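Being a predicted model, the structure only gives us computed values, none of them experimental.
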Amino acid sequence: MLFPEYDIIVAGAGHAGCEAAAAAANLGSRVLLVTMNLQTIAQMSCNPAMGGIAKGQIVREIDALGGYSGIVSDKSMIQFRMLNLSKGPAMWSPRTQNDRMLFASTWREMLENTPNVDFYQDMVTGLLIRNGRVYGVKTGMGHEILASAVVITSGTFLNGVIHIGEKRFGGGRVAEKASTGITEQLVENGFESARLKTGTPPRVDGRSLDYSRMEEQKGDDTISGFSYLPIKKISPQEQRSCHITYTSEQVHDILKTGFDRSPMFQGRIEGTGPRYCPSIEDKINRFADRDRHQLFVEPEGWNTVEIYVNGFSTSLPEEVQTAALRAVPGFEKCRIFRPGYAIEYDYFPPTQLQNTLETKLICNLFFAGQINGTTGYEEAACQGLMAGINAHQKVRSLEPVVFKRNEAYIGVLIDDLINKGTDEPYRMFTSRAEFRTLLRQDNADLRLTELSYRLGLASQQRMERVIAKKTAVVQIRSQLESFSIEPQEINEFFESTGAASIAEKQKAARLVLRPNTGLPDLIQAVPRFAGAMKGFEKDFLEQAEIQVKYERYIEKEEQLAERMSQMENLAIPEGFDYDRIAALSNEALQKFKRIRPRTLGQASRISGVNPSDVQILLVYMGR
């Protein structure tokens with residue numbers, strides 16, 4: 001026999017597939033990672049960056065759980081920025097600019113050094129299914145490989161079609177063929193499929209750009225990165241700068257000359273594109289009152305001149321792309337390495353999934369990533385992590401791992417997908433999380449690492465760091481509550497900031513509550529207090545300050561989460577007959593029967609279900 005029988009086969013080696021393979025293998029499953037091209041493992045198909053608004057929180061959660069994305073991002077970063085620092089800590093979001101090739105090679109190296117992971121280059125063309133249960137895969141080279149569970153992470157490859165102007169050809173990514181066979185088989189087995197669209201901008205030769213005509217965007221002076229482990233990072237001085245420039249009415253006029261050949265406007269693209277990351281032609285069509293749009297000029301790595309033009313995603317004809325770009329300040333002489341293009345692909349509406357990411361129709365079959373209608377590396381990676389964990393748990397008859405909406409952004413994302421579904425590429429935002437004060441990027445380790453350690457995924461090193469952090473935060477808070485600061489020690493600082501001085505001594509904790517006064521300010525202004533804080537790591541001090549400053553807001557969200565959890569504890573019996581409840585609205589009846597919510601809380605979050613429907617269901621269950 002050419003292949004042994006595996007515990008788990010992961011089909012696809014993008015961000016979701018890599019995390020799924022790593023998680024399942026680190027938990028002890030024997031994993032086969034099947035990819036159409038071993039040279040494109042963990043490819044950054046779109047922009048060379050990780051994190052950003054809400055996405056940075058997801059990467060930190062992946063890291064806290066023992067996933068690899070944060071480590072790989074830190075090792076391959078060429079720039080770091082903490083976004084939204086002018087807002088409250090619930091909005092702070094880490095982001096790295098990365099070396100595209102180093103990112104992929106680091107991922108592959110980490111996977112190759114992970115015990116229990118085997119690799120095979122081939123196309124998965126079908127699934128082996130018997131009595132409603134998957135037991136392996138079929139490949140393009142005619143192999144049948146057996147496994148107890150299968151995770152499909154197909155990205156944009158399922159029946160992918162690439163569009164550039166009037167040109168149209170099959171492909172899952174430029175210069176790579178599409179994947180076929182899986183969609184058709186799943187539809188035959190009762191699954192619903194649909195089409196989505198995404199796109200990418202041109203890549204240009206950085207040597208042909210005039211950066212003096214653009215705004216420089218440097219990295220932060222302090223680099224915290226994503227991983228809670230002590231990963232060696234670049235110094236602030238080593239960072240590569242990004243740049244900002246803008247389109248203009250002239251650029252828009254040139255782009256409009258290609259609209260008659262646009263696959264989007266001429267109806268050749270059937271799939272729905274991402275609302276929050278539209279193409280440049282969609283922007284100027286939808287926002288006709290805007291005379292310019294921002295473009296981010298992002299380097300692709302340390303040792304390449306290739307540049308990613310973030311904000312200029314397009315599928316217009318190549319000559320229109322070139323002419324329009326050359327009207328952008330700084331791009332007058334630009335040379336294009338590769339034109340932008342749009343890609344259409346199959347996905348499966350995620351209401352067909354359980355909250356473990358296992359499909360409802362076929363046992364032990366899991367979906368993760370863009371096959372579920374999401375967009376973004378981070379959204380894909382966290383789904384892969386959870387699918388890998390739950391596939392391992394399932395084949396060993398262990399309890400599934402499911403996060404509530406107040407426990408992780410990962411929980412929000414999966415809950416949104418399985419209850420509300422999506423008919424456009426789903427992207428995570430902080431606004432989607434009603435408990436975002438609890439779900440900060442700074443405390444993902446405190447929220448998630450202990451659970452992951454109990455599972456056997458997070459390492460002993462991670463757990464020891466969490467214990468050290470918890471201990472230090474308690475000590476720092478105790479010092480803040482007990483340490484008194486005299487007026488003469490701090491009033492000079494307050495006067496320099498225009499704040500009101502104090503007339504009598506006050507506890508440090510009370511002074512930290514003042515607007516525009518932080519723990520670092522007290523440490524710098526009061527030498528005696530600095531001595532009390534000596535020896536504590538910067539991250540530990542920051543965590544203690546956030547807990548003190550936002551204690552009331554945190555308590556309020558915790559109370560709300562507790563009230564909501566009561567609904568989550570009200571389980572709906574499996575096989576519950578909704579047809580017996582005549583008072584339910586037609587929409588609620590249809591949604592309940594299709595989605596089969598497990599709890600009353602889940603039922604309440606289904607799109608189209610009214611509070612009155614939930615009350616009726618509650619009363620009926622009470623009977």
Side-chain angles (χ1 to χ4, degrees), residues 6-12 16-17 19-25 27-29 31-34 65 124 126-137 146-154 158 182-183 185-187 189-193 347-374 379-404 408 410-422 426 455 457 571-572 574-575 594-599 602 606:
Y6 288 90
D7 294 314
I8 297 164
I9 292 173
V10 178
E19 286 289 5
L27 286 170
S29 283
V31 177
L32 176 66
L33 182 60
V34 184
L65 288 165
V124 172
L127 303 169
L128 301 174
I129 302 169
R130 184 191 300 125
N131 299 325
R133 178 184 294 268
V134 70
Y135 66 94
V137 301
L146 306 185
S148 300
V150 174
V151 182
I152 300 180
T153 66
S154 49
L158 285 184
I182 292 176
T183 298
Q185 182 188 14
L186 289 174
V187 169
N189 278 270
F191 284 84
E192 174 193 352
S193 73
Y347 86 107
F348 291 83
T351 52
Q352 300 171 98
L353 300 175
Q354 300 178 32
N355 53 9
T356 59
L357 298 181
E358 182 182 13
T359 66
K360 294 175 181 176
L361 290 177
I362 298 179
C363 188
N364 288 12
L365 175 63
F366 294 77
F367 291 170
Q370 285 176 285
I371 191 173
N372 291 336
T374 60
E379 289 89 342
C382 74
Q383 290 174 73
L385 177 78
M386 298 311 295
I389 291 172
N390 282 313
H392 168 86
Q393 298 292 99
K394 183 71 185 289
V395 300
R396 281 169 168 68
S397 301
L398 299 172
E399 283 295 310
V401 178
V402 176
F403 293 119
K404 298 176 184 176
I410 297 172
V412 174
L413 182 145
I414 294 175
D415 190 74
D416 278 353
L417 292 177
I418 66 168
N419 290 318
K420 299 175 182 177
T422 186
Y426 177 101
L455 286 174
L457 186 55
I572 300 173
E574 192 170 344
R594 180 162 60 91
I595 296 175
R596 309 298 306 183
R598 291 172 174 263
T599 69
Q602 184 184 348
I606 295 174

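The ring-ring contact (aromatic ring centres under 6.0 Å, His included) test applied to Phe403 returns no partner, not counting sequence neighbours. Looking at residues two or more places apart in sequence or on another chain, you find a side-chain contact (heavy atoms from CB on, under 4.5 Å) between Asn419 and Asp415, Ile595, Gln602, Arg605, Ile606.
Between the side chain of Thr153 and the main chain of Ala11, a donor-acceptor pair closer than 3.5 Å is present. A donor-acceptor contact shorter than 3.5 Å links the side chain of Gln185 to the backbone of Leu127. A donor-acceptor pair is defined here as one N or O able to donate and one able to accept, closer than 3.5 Å; no such pair exists between the side chain of Asp7 and the backbone of Val31. Looking at Lys360, its side chain does come within 3.5 Å of a backbone N or O of Thr351 through a donor-acceptor pair. In terms of modelled atom types and a separation under 3.5 Å, the side chain of Asn364 and the main chain of Ser148 share a donor-acceptor contact.
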His392/Ile8 under side-chain contact (heavy atoms from CB on, under 4.5 Å): CA gap, chis, key distance, verdict = CA-CA 7 Å; His392 168 86; Ile8 297 164; 4.2 Å; yes
Mind running side-chain contact (heavy atoms from CB on, under 4.5 Å) on Gln370 and Ser154 for me, showing each step along the way?
-> CA-CA 7 Å; Gln370 285 176 285; Ser154 49; over 6 Å; no
Do Ile410 and Leu65 pass the side-chain contact (heavy atoms from CB on, under 4.5 Å) test, and can you show the C-alpha distance, the side-chain angles, and the key distance before you say yes or no?
-> CA-CA 11 Å; Ile410 297 172; Leu65 288 165; 3.9 Å; yes
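Test Asp416, Thr374, Asn372 against Tyr426 for side chain to side chain donor-acceptor pair (under 3.5 Å) and you get one pass: Asp416. Remark: of the listed residues Gln354, Lys394, Met386, Gln383, Lys394 is the sole one forming a side-chain contact (heavy atoms from CB on, under 4.5 Å) with Phe366.
The distance from the CD atom of Glu19 to the CG atom of Leu385 is 5.5 Å, given to the nearest 0.5 Å. To the nearest 0.5 Å, atom CD1 of residue Ile371 and atom CG of residue Leu186 are 7.0 Å apart. Distance check: Leu361 CG to Leu353 CG gives 10.0 Å after rounding to the nearest 0.5 Å. With rounding to the nearest 0.5 angstrom, the CG atom of Asn355 is 8.5 Å from the CG atom of Leu357. Rounding to the nearest 0.5 angstrom, the gap separating the CD1 atom in Ile389 from the OG1 atom in Thr356 is 11.5 Å.
Of all the heavy atoms in Pro350 and Gly421, the pair that sits closest is CG-CA, 4.1 Å. Considering all non-hydrogen atoms of both residues, Ala21 and Leu33 come closest at CB-CD1, 4.3 Å. Looking at every heavy atom in both residues, Ser193 comes nearest to Phe348 through CB-CE2, 3.7 Å. Minimum interatomic distance between Val134 and Ala149 (heavy atoms only, all atoms of both residues): CG1-CA, 4.5 Å. The two residues Ala387 and Val151 make their nearest non-hydrogen contact at CB-CG1, 3.9 Å. Taking both residues in full, the closest heavy atoms of Leu413 and Cys382 are given as CD1-SG, 4.2 Å, listed atom of the first, atom of the second, then distance.
At a threshold of 4.5 Å between non-hydrogen side-chain atoms, the residues Leu158 and Ile182 count as touching.
Using bins of under 30°, 30° to 60° and over 60° for the plane-to-plane angle, the ring pair Phe191/Phe367 lands in the tilted bin.
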